[in-house]
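Order of the sequence lines fixes the chain letters, A, B, ..., with proteins taken first and strands second; residue numbering starts at 1 for each chain. Only heavy atoms go into these numbers, but all of them, side chains included; no hydrogens, no water, no symmetry mates.
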There are 2 protein chains.
Amino acid sequence: MSQRVPTVRDVAVRAGVSVGTVSKALNNRGQLREETRARVVAAARDLGFRPNALAQSLQSGRTYTVAVITTDRFGRFGNPLMLGVEDALGADRVSVFLCDTRDDPIREHHHAQTLDERRVDGIIVAGRRKQTRPPLAVASGVPVVYVIAQSSDPSDFCVTTDDVGGGALAGRHLLAAGRTHIGHITGPERFADPRERAAGLQSVLDSAGLDLAGGQVFYGEWSEDWGRRAAEMLLHAAPDTDAIFCGSDQIARGVVETLRDRRLRVPGDIAVVGFDNWEPMAAGCRPPLTTVDPNLREVGRVAATRLLDMIAGTPVQGSTETVPAWLMLRESTGVRLVDPQS
Amino acid sequence: MSQRVPTVRDVAVRAGVSVGTVSKALNNRGQLREETRARVVAAARDLGFRPNALAQSLQSGRTYTVAVITTDRFGRFGNPLMLGVEDALGADRVSVFLCDTRDDPIREHHHAQTLDERRVDGIIVAGRRKQTRPPLAVASGVPVVYVIAQSSDPSDFCVTTDDVGGGALAGRHLLAAGRTHIGHITGPERFADPRERAAGLQSVLDSAGLDLAGGQVFYGEWSEDWGRRAAEMLLHAAPDTDAIFCGSDQIARGVVETLRDRRLRVPGDIAVVGFDNWEPMAAGCRPPLTTVDPNLREVGRVAATRLLDMIAGTPVQGSTETVPAWLMLRESTGVRLVDPQS
DNA sequence: GTGCGGCCAGAAAACCTATTCCGAAAGTTC
DNA sequence: GAACTTTCGGAATAGGTTTTCTGGCCGCAC
């Protein structure tokens, strides 16, 4: 019995008061003599009393827990996202359940059910790609915020990245750097994300009256190897290319390697912009990559903030909130000239 | 009121029985007529009844929740670890709270306190480096398993990676490939992880009567840039080097780049082994990297399994469990010859 | 035929831990 | 001594599980 964690009852006995009084004393509620309050507080301290959050939640109807359901296999995109979520939630003493569905609907349903039973205050559903997905099968009334992937129910709220804007950002940056023959190498055409990034770039080129170098977007895979191969293709099609915008930092790494093999200087001959700002990939590149940061941490922060609003009953306006991307400037676009003789 | 989630009482009314009977019916306990049981189940289904896990936990003393506290800023090492943890926990319907301390003791203490109040069944404390750390300040009686970083209290249990074994694995592999002038480039000497990996390699070289190429371990940073620079240094000190074992895949990438710049073939002239098996880094390398996989997913699985044992009251024997590493074979050590003329 | 033990199904009540509301006892004030 | 105020105890509550209790029915024995 010495192992048993103390309850209000134990504290009450030790302080010589009733349980109700203990509660009031510890929560600064009701009318109590200062001396009594102090005695209770001392007893609680002596016993190492910690109120049982389960009992409190049962009473109050709020658990101060939130769940993040990700389809990402705890992948790389989830990390900055989680950081942002905790930024927003930590201040409120809200704990977070992390669930990974591994892209399995059965697993997802199972998790949703468990979260229902645990009476979480709200749920964040994070996909790793922009796509429409069926709404989470969860008890009605539980606030849900979708991240990146959006629900097929238009009344559900979604926070997402601005890929069109990111593509435009890259395009404007390259134009400002004096480039006029800009090519684009990116991921699979069947995904919306790369298509949007390409559209952003295209709109900027259109405004400037320029055409895409190579005459087309080079859609392919999210791999360095595709970057290497596509760079060859692009340079073959358009030898006067002076800038390449890549749909990911991995692709950009491959592109840069091909350029190096061909004795083309980056950014001297060709400027390169990546996407993701995946630190180890982008900073480790030679030269380090200028890259579009999709601002995932901020996406997480916004999603969590809106979820807290919904939990508090504040109506969230609009059905989608887009978080602007920003550009991480490094050497691959000549922001800082490395050294004159190179 | 239509929004209120149904309780056992609602089910009881609908089925025309008492609440106790509902409980027994839904949990297959006690003696009930089959007809009654079916009636209750039907009523529960009709109402969409989900038992309140808080109430159940309050009663049973078990919450079926576990927390993972990481100092890693949700870093990359946490991902495979979490995957392993969920592998083991998922089967038991145990949910996991994820807490990140961001290396701040205040934050950690705050999280520990919250978890205490939530009455989690157990806690996994994951560090990103092998080091001794003060035990988590948590209520006595709550099982805690430390991962990678170990507690300064020797009675605490720790699951960790086998860095000595990993280093030896790399060494033996290179010897088996016929290499005899093996160098080693790795991270900071102040960390135990790189020192252990070096020790593992050294022991294999000793057994074979060989010396380390370059006469020393090249300790430095965990960056590609260090890999590039250190490779230069190593080749300068020992031009006959025919293999390099690197303390991380990032370092290996840098090393491979330098070798390529110097027109040295990998693995033809020099074989390279990395460490981490960080897929995008290792697979994207040209040639793809043979690398030591520290088996973090298994570490997570073992940690969670042992934690469940401790929660169940089974005594866990020993104070540290080491999970063996394994070798991911790719082309950088010549497992598969790319093509003859290269 | 009747009395009683035993069994079954399900109701009723206790319990888990903390909060809150109501009211009572004690002390004050006029 | 009536009317308040202050201070605190006790009970109700949240939503389940578990234990105890009760009423009806059956079977067996006298």
May I ask you to verify if any side-chain N or O of [X] is less than 4.0 angstrom from the OP1 or OP2 atom of [N]?
X: B:Ser18; N: C:dA12; value: no
X: A:Arg29; N: C:dT20; value: yes
X: A:Ser23; N: C:dA18; value: no
X: A:Asn52; N: C:dC16; value: no

Need one value for [X]: base, sugar-phosphate or nothing, where a base atom within 4.0 Å counts as base even if backbone is also close, heavy atoms only.
X: A:Arg62; result: nothing
X: B:Arg37; result: nothing
X: A:Thr36; result: sugar-phosphate
X: A:Val17; result: sugar-phosphate

Q | Output field: ring centroids B:Phe97/A:Phe97 closer than 6.0 Å | A |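 So the answer is yes for these two rings.
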
Q) Do NZ/NE/NH1/NH2 and the carboxylate oxygens of B:Asp87 and A:Arg102 come within less than 4.0 Å? A) yes

**Q.** Salt-bridge contact B:Arg128-B:Asp103 (side-chain N to carboxylate O under 4.0 Å)
**A.**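 Judged by the 4.0 Å cut-off on N to carboxylate O distance, B:Arg128 and B:Asp103 do form a salt bridge.
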
**Q.** A:Asp121 side chain to A:Thr63 side chain, donor-acceptor N/O pair below 3.5 angstrom
**A.** yes

Q) Under 3.5 Å, is there a donor-acceptor pair between the B:Arg118 and A:Ser95 side chains? A)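 B:Arg118 vs A:Ser95: donor-acceptor pair found between side chains.
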
Q) If each of B:Gly20 and B:Arg9 is mapped to the nucleotide of DNA chain D with the nearest heavy atom, which maps nearer the 5' terminus, i.e. the 5' end? A)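 Comparing both residues, the 5'-ward one is B:Arg9.
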
Rounding to a whole Å, what distance do you find between [X]:[atom1] and [N]:[atom2]?
X: B:Lys24; N: D:dT17; atom1: NZ; atom2: C1'; result: 10 Å
X: B:Gln56; N: C:dC15; atom1: CD; atom2: P; result: 20 Å
X: A:Asn28; N: C:dA18; atom1: CG; atom2: P; result: 17 Å
X: A:Gln31; N: D:dG9; atom1: CD; atom2: P; result: 15 Å
X: A:Leu58; N: D:dA14; atom1: CG; atom2: C1'; result: 4 Å
X: A:Asp116; N: D:dG16; atom1: CG; atom2: P; result: 13 Å
X: B:Tyr64; N: D:dT17; atom1: OH; atom2: C1'; result: 13 Å
X: B:Asn27; N: D:dG16; atom1: CG; atom2: P; result: 11 Å

Q. With distance as the sole criterion, do the side chain of B:Gln59 and the base of D:dG16 form a donor-acceptor contact below 3.5 Å?
A. yes

Q | Upstream residue (5' side of DNA chain C) when B:Arg39 and A:Ala55 are each assigned their closest nucleotide | A |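 That would be B:Arg39.
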
